[in-house]
Participant: 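This structure is in structure tokens; I'll ask about it shortly.
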Amino acid sequence: MAMTSKSGNEIRSGFVNYFAQRGHSHVGSSPLVPKADPTLLFTNAGMVQFKDVFTGKEKRPYSRAVTVQKCVRAGGKHNDLENVGRTARHHTFFEMLGNFSFGDYFKEQAIDYGWEFLTGALGLPAEGLWVTIHEGDAAMGLGPDEEARTLWRRYVPESRIVACSTKDNFWAMGDTGPCGPCSEIVFDQGPAMGCGRSDCALGCDCDRYLELWNLVFMQFERSVNGALTPLPRPSIDTGAGLERIAAILQGVSSNFDTDLLRPIIRMVEELTEKPYGYDPRLDVSMRVIADHARATAFLVTDGILPSNEGRGYVLRRILRRGLRHGRLLGLKEPFMAGVTGRVVELMQGAYPELADSRDYIGRVTLNEEERFSHTLDVGLRLAEELLARYKLIDSLTVSGEDIFRLYDTYGFPVDLLRDMASERNLGLDEFDFEQKMAEQRTRARESWVGSGEVEVPARLRDLTTRLSVEPLWHQAVQAEAVVEAILVGEERRAVPALAEGEAGEILLNRTPFYPEAGGQVGDVGRLTSDGTVAEVLDTRRPVPALVLHSVRVRRGRLTTGATVHAVVDASHRKVTAKNHTATHLMHAALRRVLGDHVKQAGSLVAPDRLRFDFSHWSPLADREVERIEELVNEQVWENRTLRIEIMDLDRALSTGAMALFGEKYGERVRVVTVPDFSVELCGGTHVGATGEIGLFKIVSQGGVASGVRRIEAFTGPGAFRHVRQEEQVLAEAAERVKARPLELTEKLEKLTGTTRELEREIQRLQSRLAAGTLEGLIREAKDVDGIRVVASVVDLRDPKGMRDLGDRLREQLGSGVVILASQAGERVTWVTMVTRDLTSRLHAGHLARDLAVLTGGGGGGRPDVAEAGGKDPSRIPDALSKLPDLVRTQLNKKN
RNA sequence: GGGGAAAUAGCUCAGCGGGAGAGCAUCCGGGCGGCAUCCGGAAGGUCGCGGGUUCGAAUCCCGCUUUCUCCA
């Protein structure tokens with residue numbers, strides 16, 4: 001069959017259809033942020049969402065699946081960021097086609113499917129295809145994968161089957177766990193596409209042999225000691241990059257020339273009014289922008305915001321790199337937001353979530369563009385100064401330390417600095433700079449602990465295989481239940497019983513206790529059976545099938561197998577529900593007041609308060625906060641009855657229910673509706689009608705991270721207590737200043753006004769007082785070698801007043817020296833002044849220092865004004881008497 | 001998670017142990033041919049918060065908060 005050109009969209013849907021027709025469930029792409037996986041920054045392969053399925057931790061209602069998975073490779077192990085744009089194949093964002101078998105079919109069928117899809121459905125020429133198999137590995141005690149070789153020989157001549165080493169053809173999920181040999185299907189593009197070297201062969205770095213599809217045969221389980229044991233039900237994991245396949249089918253030499261990416265480059269051409277394909281340097285920039293715009297659009301859609309940490313930082317780096325290349329192309333105004341818009345247009349068919357967040361992506365991108373241009377402006381100034389200094393001292397090379405400081409502290413791109421330096425005929429000591437970067441990397445790596453997601457402890461995984469829980473928390477607050485297991489300690493050891501006073505975690509066969517989820521804290525309450533009382537302090541659910549009740553036995557003995565009466569603390573549950581429903585109302589209100597870009601970024605629903613993090617750029621204005629409070633309270637006063645329904649996910653989404661990206665939802669979801677106001681997917685507990693909330697009050701508003709704001713609020717009794725407390729403070733404050741609470745502002749204004757008046761009055765009086773003493777002091781001026789010296793102890797305590805007096809004396813004196821001393825408790829303060837005409841001969845600072853030493857202290861200052869202090873007031877007269885000598889000594893030294 | 005910076009007038013920033021400043025903006029007065037014009041003057045500050053060192057801290061040290069930035 002002839003190879004036919006196919007669009008990216010056609011290949012994508014063709015792939016899905018092909019496998020769907022062969023019994024595979026079409027599973028949607030999982031978000032780019034993997035859930036509960038501390039090892040990964042981003043989803044970087046199709047199998048990521050099935051990890052737990054492969055290991056048996058999780059069951060799915062199907063045994064074969066097909067996906068088109070959005071993937072990001074940047075940061076972490078696969079760091080291709082610097083290569084993107086320079087090659088035909090590297091991407092930060094790409095789509096991976098994959099078919100999976102979970103203990104269903106194995107090698108034979110995987111190979112058949114792979115071959116048939118490529119040669120049949122896609123029409124790739126069989127004679128252009130090579131395959132690789134695992135050559136075996138003595139260290140692992142494995143021989144060559146003859147099984148795969150035999151199966152392949154049905155399609156491919158022996159000469160085009162190549163055995164490859166473990167490095168390339170053996171796959172493992174981690175140091176332990178499922179693993180197995182792989183087999184790759186490789187497409188030979190012909191010698192014209194190759195490097196032309198005589199030893200060019202499969203595995204060569206050049207573009208001739210393209211790895212198309214990797215089939216992983218998961219057949220072993222690797223234990224801690226490295227031993228491989230065959231899995232009873234081996235699985236299949238395959239992955240093929242959509243962009244590569246599209247490039248081959250569309251007969252283009254680069255992924256960037258496919259209809260998946262070229263339209264984005266076309267937009268860049270329009271923006272820059274420069275053609276693609278003429279200047280290799282510009283081409284790199286255009287490819288970078290196209291790739292990074294895709295990554296940006298998808299990452300932002302999945303809830304990531306540019307920041308200086310973690311995933312957000314990777315996004316920022318991607319975005320800023322794109323922006324840099326925009327500048328290289330001569331784009332001065334923000335442009336990336338527009339390019340991401342193009343990405344949305346192109347991809348929204350396959351990824352509808354893009355369309356929903358189109359404006360949001362644009363705003364986030366624009367915001368980052370503006371921020372980056374500010375960073376650049378500041379950096380440019382610093383860089384100019386730096387280079388000017390180098391020019392001044394005729395240095396030729398900018399030191400690594402300077403480059404590093406500019407980059408590390410101010411985020412100034414090195415390539416930009418390089419350009420600026422070369423314009424001034426300066427070089428960069430890049431070796432030293434790299435050295436410094438390497439040091440920083442080591443430092444950071446040493447303290448790396450994980451991405452923040454917590455892995456499910458192994459002990460609990462085992463339990464899920466034999467235990468499950470019947471959830472009753474939405475129907476009841478109490479129930480009879482059987483204690484299935486009791487776990488104690490960090491390692492969650494199973495014990496037969498807990499004695500009085502002991503603490504542990506209880507698993508019940510059914511429970512009315514709501515486990516912490518969706519930000520709502522777990523229920524508290526008690527478990528009782530005749531003579532035994534155990535207090536439930538918290539309830540959690542580390543894996544869906546297990547609800548752990550943290551208990552402490554208050555009386556009697558709690559044993560495994562016992563039947564207990566489980567009673568939830570209803571009042572705790574009730575106040576928590578108020579906060580949870582209020583959270584929904586606030587979320588809806590925020591979106592009405594601030595806009596649709598508001599998305600939940602974190603939430604805490606406790607019995608005494610609620611805390612809500614959401615994406616928004618600027619601090620909320622007082623008016624906005626008020627408006628949100630009003631909107632929520634209006635809903636409360638309307639006393640709307642909540643509607644809670646279980647429905648299909650698709651239907652829920654089509655009614656416009658708010659879902660959180662990154663949350664794993666089942667096929668059936670719970671939808672909580674406040675009529676005409678809020679619809680959210682939610683598994684939490686809520687009030688029956690909004691009136692129960694009573695009162696909603698926001699108590700604080702602030703930022704958590706760049707682009708994320710936090711609101712804390714109270715409801716019901718808590719809100720009332722808060723209001724009353726504020727009222728009391730207000731009343732007390734009013735009482736203090738003898739005003740009524742409502743007139744407090746006015747009164748305070750008056751008081752501060754009076755204070756200011758009084759302060760001024762004091763100053764006026766002081767200077768008048770000083771003026772009075774002024775003449776006397778001048779009269780008492782002594783003559784020391786022709787220089788008039790005024791010296792006196794004054795009754796002014798603050799140095800400022802003394803300086804003012806000194807200034808007047810100096811003015812009156814015209815030429816001379818002023819020395820003032822004052823005493824406050826056991827402390828001495830000196831102010832010394834020398835008129836300008838004498839500063840070449842006398843230094844006020846030195847006089848101050850000498851006088852201070854005489855009174856047990858130290859001091860100094862400028863030649864014309866200085867201050868000093870001391871701790872021995874009794875020696876002031878003594879010091880003053882020595883003043884003429886001090887002056888003379890200085891005069892003599894200068895002469 | 002680890003490192004480097006920053007926080008001073010409404011805004012942009014200088015000052016970096018010894019009298020809190022500049023430019024822009026604001027207000028008042030004057031000049032003027034009403035549109036990027038000048039002159040004079042004024043008002044505006046808990047120098048982020050809290051400790052410490054010092055005779056003395058905006059300035060040095062420590063902690064906290066917020067922001068920027070690099071690395072993971």
Side-chain angles (χ1 to χ4, degrees), chain A residues 38-39 41 74-77 79 81 306-314 316-317 320 368 371-372 374-379 381-382 401-414 433-434 436-452 617-619 702-710 752 755-756 798-808 810 818 821-833 843-873 875-876 879:
Chain A
T39 61
L41 217 45
K77 237 187 323 190
N79 197 344
L81 191 56
S307 87
N308 46 9
E309 262 181 18
R311 302 186 169 107
Y313 180 60
V314 177
R316 164 168 289 175
R317 270 222 313 220
R320 292 197 170 183
E368 184 63 15
R371 201 186 277 260
F372 182 53
H374 179 251
T375 300
L376 278 185
D377 287 344
V378 173
R381 219 179 52 215
L382 290 168
E401 197 178 327
D402 281 331
I403 309 169
F404 183 74
R405 188 174 48 84
L406 221 48
Y407 178 68
D408 180 70
T409 304
Y410 300 101
F412 194 69
V414 180
F433 169 69
E434 279 305 327
K436 296 221 155 34
M437 287 300 285
E439 282 167 25
Q440 151 129 294
R441 265 189 283 271
T442 343
R443 257 203 315 274
R445 203 171 295 120
E446 276 164 5
S447 57
W448 164 251
V449 287
S451 70
W617 294 278
S618 42
V704 234
S706 154
V708 183
R709 308 294 304 172
R710 168 172 293 175
T752 48
T755 313
R756 190 177 308 181
D798 69 313
K800 175 124 173 85
M802 292 172 72
R803 276 196 306 261
D804 286 344
L805 177 59
D807 276 339
R808 289 159 176 280
R810 194 161 52 164
V818 176
S822 82
Q823 180 184 347
E826 285 307 298
R827 299 210 134 167
V828 185
T829 305
W830 293 98
V831 168
T832 68
M833 289 182 175
H843 195 289
H846 296 165
L847 286 175
R849 190 188 55 211
D850 295 342
L851 288 165
V853 168
L854 288 170
T855 48
R862 307 189 322 213
D864 57 332
V865 186
E867 282 168 60
K871 285 173 174 166
D872 191 354
R875 291 175 63 190
I876 295 177

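No hydrogens, no waters, no symmetry mates; every other heavy atom, side chains included, goes into these values. Residue numbers start from 1 in every chain, and the chains themselves are labelled A, B, ... in the order their sequence lines are given, proteins ahead of strands.
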Participant: List the atom of Arg803(A), the atom of Met833(A), and the distance in Å for their closest heavy-atom pair.
Facilitator: O-CE, 3.5 Å
Participant: Quick one: Ile876(A) CD1 to C55(B) C1', roughly how many Å, whole number?
Facilitator: 12 Å
Participant: Between Thr409(A) and Ala866(A), which residue's closest nucleotide on RNA chain B lies nearer the 5′ terminus?
Facilitator: Thr409(A)
Participant: Classify the nucleic acid contact of Ala852(A) as base, sugar-phosphate or nothing, counting any heavy atom under 4.0 Å across all strands shown.
Facilitator: nothing
Participant: Closest to the Arg827(A) side chain: A5(B), A20(B), C55(B)?
Facilitator: C55(B)
Participant: Sub-3.5 Å donor-acceptor pair from the side chain of Thr855(A) to the main-chain atoms of Ile876(A), do we have one?
Facilitator: no
Participant: Think Arg316(A) has a side-chain N or O under 4.0 angstrom from the OP1 or OP2 of U69(B)?
Facilitator: yes
Participant: Base, sugar-phosphate or nothing for Thr375(A)? Non-hydrogen atoms, less than 4.0 Å.
Facilitator: sugar-phosphate
Participant: Identify whether any heavy atom of Gly411(A) sits under 4.0 Å from a base atom; if not, whether one sits that close to sugar-phosphate; answer base, sugar-phosphate or nothing.
Facilitator: sugar-phosphate
Participant: Where the side chain of Arg317(A) is defined as all heavy atoms beyond and including C-beta, which of A72(B), C70(B), G18(B) is the nearest nucleotide?
Facilitator: A72(B)
Participant: Ignoring the backbone of Arg443(A), work out which of G2(B), C70(B), A72(B) is nearest its side chain.
Facilitator: G2(B)
Participant: Give the rounded distance in Å between these two atoms: NZ of Lys871(A) and C1' of G56(B).
Facilitator: 11 Å
Participant: Nearest whole angstrom, please: distance from the P of U69(B) to the CG of Leu406(A).
Facilitator: 14 Å
Participant: Considering only atom C1', compute the distance from G10(B) to C16(B) and round it to an integer number of Å.
Facilitator: 25 Å
Participant: Taking a pair as Watson-Crick or G-U wobble with both distances under 3.5 Å, which nucleotide is matched to U59(B)?
Facilitator: none
Participant: Could you pull out the closest heavy-atom pair between Thr375(A) and Tyr410(A), with the gap in Å?
Facilitator: CG2-O, 3.2 Å
Participant: Would you measure the distance from the P atom in A58(B) across to the matching atom in A20(B) and give it in whole Å?
Facilitator: 9 Å
Participant: Without decimals, in angstroms, what is the distance between Tyr407(A) OH and U69(B) P?
Facilitator: 12 Å
Participant: Need one value for Arg862(A): base, sugar-phosphate or nothing, where a base atom within 4.0 Å counts as base even if backbone is also close, heavy atoms only.
Facilitator: base
Participant: Quick one: Glu867(A) CD to A57(B) C1', roughly how many Å, whole number?
Facilitator: 11 Å
Participant: What distance, rounded to whole Å, do you find between the two C1' atoms, one in U67(B) and one in C55(B)?
Facilitator: 36 Å
Participant: P atom, G40(B) versus C35(B): distance in rounded Å?
Facilitator: 24 Å
Participant: For Thr829(A) and Met802(A), which heavy atoms make the closest approach, and how far apart are they?
Facilitator: O-CE, 3.5 Å
Participant: Which base, if any, makes a Watson-Crick or G-U wobble pair with G1(B), both distances under 3.5 Å?
Facilitator: C71(B)
Participant: Once you round it to whole Å, what is the distance between P of G4(B) and CD of Glu439(A)?
Facilitator: 13 Å
Participant: Roughly how many Å apart are G17(B) and A57(B), using the P atom of each and rounding to a whole number?
Facilitator: 14 Å
Participant: If I take atom CZ from residue Arg405(A) and atom NZ from residue Lys436(A), how far apart are they, to the nearest 0.5 angstrom?
Facilitator: 12.0 Å
Participant: Would you say C70(B) has OP1 or OP2 under 4.0 Å from some side-chain N or O of Arg405(A)?
Facilitator: no
Participant: In whole angstroms, how far is the P atom of U54(B) from the CZ atom of Arg849(A)?
Facilitator: 19 Å
Participant: Does Gln440(A) make a side-chain donor-acceptor contact with the base of G4(B), cut-off 3.5 Å?
Facilitator: no
Participant: To the nearest angstrom, how far is His843(A) atom NE2 from G18(B) atom P?
Facilitator: 12 Å
Participant: Between G45(B) and U8(B), how many Å separate the two C1' atoms, rounded to a whole number?
Facilitator: 8 Å
Participant: Look through every strand shown and name the nucleotide pairing with C11(B) as Watson-Crick or G-U wobble, where both distances are under 3.5 Å.
Facilitator: G23(B)
Participant: Please give the distance between the C1' atoms of G2(B) and A9(B) as a whole number of Å.
Facilitator: 37 Å
Participant: Quote, to the nearest angstrom, the P distance that separates G41(B) from C60(B).
Facilitator: 34 Å
Participant: Counting only side-chain N and O atoms of Arg320(A), is one of them less than 4.0 Å from OP1 or OP2 of U69(B)?
Facilitator: yes
